[in-house]
Every structure is written in C-alpha cells, then in structure tokens.
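For the numbers below, each heavy atom of this structure counts, side chains included, while hydrogens, waters and symmetry mates do not. Numbers here are sequence positions counted from 1.
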Amino acid sequence: QVQLVESGGGLVQAGGSLRLSCAASGRTFSRYRMGWFRQTPGKEREFVARISSNGGSTAYSDSVKGRFAISRDNAKNTVYLQMNSLKPEDTAVYYCAAGYDGDAFLRYNYWGQGTQVTVSS
C-alpha cells in the first residue's frame, strides 16, 4: 500500500508559478512510476506528467510541455510538479498517482486526494 498526500496548491495570477508536492508513505516509493493528473468539474481526469521510478524518464502532455517540470526525490519519498507560466486553463484539482514501473499499460494503482490550483486572469 502507498498513501499519497498532495500539497502546494492555491490561488495564483496568470503568468505566476506554483510547486506542488506529493509525499508518499512506505518504503517502496522508489519502485513506483509517479504521475500528475488534473480534473475540472464535468471533465475527465487529464494526464499532466509522469516520471519513472529512478527519475531518468519523464513525459508531459502537450498542454503543459515547456511550462511544467516533474521531479522526484526518492530519499524524501516525494514527487514535485513545478508549474511556471500558469494560465487560467490550468485551473483544476491536481492529483498525484503511483503505478508499478514495469506496467506497460502505464496504469496507476494509488491516488492522492488532490489539491486545488486556481489561476486568475
């Protein structure tokens, strides 16, 4: 079992920055691929970014590429999402998730409770 707790959300003006954190419980954090997703009311959850278990591989959605950066610190059991040049359309609840790194289908087995990010224009 892995428990995930997000933090760092809030209200920011367009063009600003936020850094989200996701702290994981357990001693096997370094075995998991980690991802960030987001969701707005009435829409499906959307992939934002992912990072491999050792941090050597990352991927981003086209909508955030070049503006967001995912990273992890396995010694601290934490994954981060640095969000720069924020836009009003980035407003959403952001979730972190953990999945087994060997899963070719990139499924996620554990989810956090989410943190709200609101970008004002």
Contact between Arg38 and Asp90 at the side-chain level, heavy atoms closer than 4.5 Å - yes or no?
yes
What's the spacing between Leu81 CG and Ser71 OG if we round to 0.5 Å?
8.5 Å
If you take all heavy atoms of Trp36 and Ser21, which pair is closest and at what distance?
CH2-O, 3.7 Å
Can you check whether Met34 reaches Arg50 side chain to side chain, under 4.5 Å on heavy atoms?
no
State whether the side chain of Ser30 and the backbone N or O of Thr28 hold a donor-acceptor pair below 3.5 Å, judged by distance alone.
no
Heavy-atom distance under 4.5 Å between the side chains of Tyr32 and Asp101, does that happen here?
no
Measure the shortest side-chain to side-chain distance between Ser17 and Met83 over non-hydrogen atoms and say whether it is less than 4.5 angstrom.
no
Point-to-point distance, once rounded to the nearest 0.5 Å, from CZ of Phe68 to OG1 of Thr58
14.0 Å
Does Tyr100 reach the side chain of Asn109, with side-chain heavy atoms less than 4.5 Å apart?
yes
Do Gln113 and Leu4 come close enough that some side-chain heavy atom pair is under 4.5 Å?
no
For residues Ala92 and Thr40, report the shortest heavy-atom separation together with the two atoms involved.
CB-CG2, 3.6 Å
Please round to the nearest 0.5 Å and tell me the distance separating atom CD1 of Ile70 and atom OH of Tyr60.
6.5 Å
So which heavy atom on Ala24 is nearest to which on Val2, and how close?
CB-CG1, 4.1 Å
Are Tyr80 and Tyr95 connected in the hydrophobic side-chain network, where two residues link if heavy atoms are under 4.5 Å apart?
no
Between Arg33 and Asp103, which heavy-atom pair has the shortest distance, and what is it?
NH2-CB, 3.7 Å
Using 0.5 Å steps for rounding, measure from the CZ atom of Phe47 to the OG atom of Ser63.
9.5 Å
Taking the six-membered ring for Trp and the single ring otherwise, decide whether the centroids of Tyr94 and Phe37 are under 6.0 Å apart.
no
Rounded to the nearest 0.5 Å, how far does SG of Cys22 lie from CD of Glu6?
5.0 Å
Short question: side chain of Thr118, backbone of Leu11 - any donor-acceptor pair under 3.5 Å?
no
Nearest heavy atoms of Arg72 and Phe29, plus distance in Å:
NH2-O, 3.0 Å
Please say yes or no: joined through hydrophobic side-chain contacts below 4.5 Å, possibly via intermediate residues, are Tyr110 and Leu20 part of one cluster?
yes
Could you see if Val12 belongs to whatever hydrophobic cluster contains Val64? Use Ile, Leu, Val, Met, Phe, Trp, Tyr and a side-chain cutoff under 4.5 Å.
yes
Could you check whether any side-chain heavy atom of Gln116 comes within less than 4.5 Å of a side-chain heavy atom of Thr91, counting everything from C-beta outward?
yes
Please round to the nearest 0.5 Å and tell me the distance separating atom CD of Gln1 and atom OG of Ser25.
8.5 Å
Can you find a pair of side-chain heavy atoms, one from Thr115 and one from Val93, that are under 4.5 Å apart?
no
Can you name the closest pair of heavy atoms from Ala14 and Ser121 and give their distance?
CB-CA, 4.4 Å
So for atom CZ, which belongs to Arg31, do other residues, nucleotides or ligands contribute more than 12 heavy atoms lying within a distance under 6.0 Å?
no
